[in-house]
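Just follow the structure's listing: the first ligand is 1, and inside any ligand the first atom is 1.
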Amino acid sequence: MRHLLTLADLTAIEIERIFSISEDLKAKSAAGLREPLLPGRVMALLFEKPSLRTRASFEAAMAHLGGSAMFLGGDTGFGKGRESLADFGRVLSEYVDVIAIRANKHKTVAQVAEHSSCSVINGLTDFGHPCQALADLFTIRELVGKFEGHTVAWIGDANNVARCLAVGCGKLGLRLVMATPKKYQWNAGELAWIEKNSPALDLTVTEDPVEAVRDAVAIYTDIWASMGFEQEKEVRHKAFAAYQVNAKLMSHAQRGAFFMHCLPAHRGEEVTDEVLDGRQSVVVQQAANRMHAQKGLLAWLLGAQG
Ligand code: CP
Ligand code: NVA
């Protein structure tokens with residue numbers, strides 16, 4: 001039984017295999033073809049936090065693939081202690097073929113996975129966001145072809161999205177430069193986890209956003225106070241004020257560099273309108289690729305494509 005709790009759960013070869021399925025399905029979809037690779041298969045979706053992209057892209061992906069998705073609300077008792085997570089996972093996995101969960105705590109998804117008889121996908125936790133990393137890496141692959149020799153600059157919080165992206169960069173041969181205020185950089189335990197799961201990662205950590213973007217082909221940022229950290233908003237806004245991705249910062253990047261954001265964005269905070277809506281921005285392509293990358297993931301995970 002394979003689960004996707006972080007990007008550490010996939011090898012480089014598996015990621016490339018998923019991408020080649022995604023690429024094929026994306027091209028067919030653009031030509032109006034919806035290949036029903038998963039007829040009769042059912043996905044369950046559980047969310048403890050809000051979502052547009054993750055929920056809608058999984059529902060659309062399953063419909064395109066000839067299967068279906070059920071969005072399960074609070075009435076199931078999930079996250080409310082109505083029954084143990086073990087019982088929840090044991091029972092739900094009898095009805096469905098795959099479960100995606102967005103949870104406050106990473107442990108919640110891990111516990112359901114441990115007791116499920118079907119695959120469980122992390123749809124974002126405080127620790128990681130592997131589906132986002134898959135879509136981001138797929139987008140970079142579309143834009144630059146080969147990964148090797150390219151640098152991604154991460155500007156801002158060393159958060160859930162950044163953790164999975166870092167592991168993916170190491171697996172696929174992308175260099176990562178992170179500009180993050182000292183207090184919000186990864187601690188020794190987090191660095192050890194990344195090193196263990198992505199030993200080849202070429203990682204530079206700096207406090208200087210200009211240094212980070214200089215050699216980068218992709219400049220990536222995310223909100224300064226992720227879901228669950230809202231109470232730190234004011235203090236984080238002060239700490240991250242110099243880390244806004246604006247036209248001035250983008251002017252230090254190489255010609256052809258593009259701007260990435262997992263969305264939702266807080267315009268005027270971590271990124272200006274000018275950059276988010278500008279010609280270097282690939283955020284809509286990235287968001288669209290959530291669905292295409294997840295189609296590849298679902299087809300591969302459910303064995304419809306080896
Ligand atoms: N990027 C992302 O996961 O978006 P949602 O929170 O809308 O799902
Ligand atoms: N880091 C953000 C990502 C949202 C998709 C959060 O966790 O809120």
Proximal ligand 1 atoms for R290, defined as those under 4.0 Å from one of its heavy atoms |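 Atoms satisfying the 4.0 Å criterion: 1 (N), 2 (C), 3 (O).
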Which atoms of ligand 1 are found less than 4.0 Å from any heavy atom of C262?
->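 Close to C262: 1 (N).
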Looking only at protein heavy atoms, identify the closest one to atom 3 (O) of ligand 1 and say how far it is in Å.
->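 Minimum-distance protein heavy atom for atom 3 (O) of ligand 1 reads H129 NE2, 2.8 Å.
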Got the closest protein heavy atom to atom 4 (O) of ligand 1, with its distance?
->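 Answer, as residue, atom name and distance: R53 NE, 2.8 Å.
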Give a yes/no verdict on a cation-pi contact between R55 and F47, requiring under 6.0 Å between NZ or CZ and the six-membered ring centre and an angle within 45° of the axis.
->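 Not satisfied by the 6.0 Å and 45° rule.
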Min side-chain heavy-atom separation M250-V213 under 4.5 Å |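 A side-chain contact is absent here, since even the closest heavy-atom pair is not under 4.5 Å.
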Any N289 side-chain heavy atom under 4.5 Å of Q286 side chain |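 They are not in side-chain contact.
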Can a salt bridge be assigned to the pair R102 and E48 using a cut-off of 4.0 Å between side-chain N and carboxylate O?
->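 E48 and R102: not salt-bridged.
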Is it the side chain (CB and beyond), the backbone, both or neither of Q132 that lies under 4.0 Å from ligand 1, heavy atoms counted?
->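 The part of Q132 near ligand 1 is the side chain, not the backbone.
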Contact residues of ligand 2 (heavy atom under 4.0 Å), by chain and number =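 The 4.0 Å shell around ligand 2 contains L124, N159, N160, V161, D222, I223, S226, M227, L263.
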For L191, check side-chain contact (heavy atoms from CB on, under 4.5 Å) against everything at least two apart and list the hits.
->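 Testing L191 for side-chain contact (heavy atoms from CB on, under 4.5 Å), a comparison that skips the adjacent residues, returns W186, L203.
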May I ask you to check whether Y184 and F240 place their ring centres under 6.0 Å from each other?
->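 Yes, the ring centres sit under 6.0 Å apart.
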Apply salt bridge (charged side-chain N to carboxylate O under 4.0 Å, His left out) to D157 and list each qualifying residue two or more places apart in sequence or on a separate chain.
->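 Residues passing salt bridge (charged side-chain N to carboxylate O under 4.0 Å, His left out) with D157: R236.
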R102-ligand 1 polar pair, N/O distance under 3.5 Å =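 The answer is yes, given that R102 and ligand 1 share an N or O pair closer than 3.5 Å.
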Is L52 in polar range of ligand 1, meaning some N or O pair under 3.5 Å apart?
->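 N/O-N/O distance below 3.5 Å exists for this pair.
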Should we count CD of E83 as having more than 12 external heavy atoms under 6.0 Å?
->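 Yes, because the 6.0 Å sphere around CD of E83 holds more than 12 heavy atoms from other groups.
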Check whether any heavy atom of L263 sits under 4.0 Å from an atom of ligand 1.
->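 Checking ligand 1 against L263, which is what was asked, there is a heavy-atom contact under 4.0 Å.
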Enumerate donor-acceptor pairs with a distance under 3.5 Å from any side-chain N or O in residues 168-182 to protein atoms, sequence neighbours excluded.
from : atom 1 : to   : atom 2 : distance (Å)
K171 : NZ     : L10  : O      : 2.9
R175 : NH1    : T151 : OG1    : 3.3
T180 : OG1    : G156 : O      : 2.7

Check the pair H292, F19 against side-chain contact (heavy atoms from CB on, under 4.5 Å), reporting the backbone distance first and the verdict last.
-> CA-CA 9 Å; H292 300 298; F19 286 171; over 6 Å; no
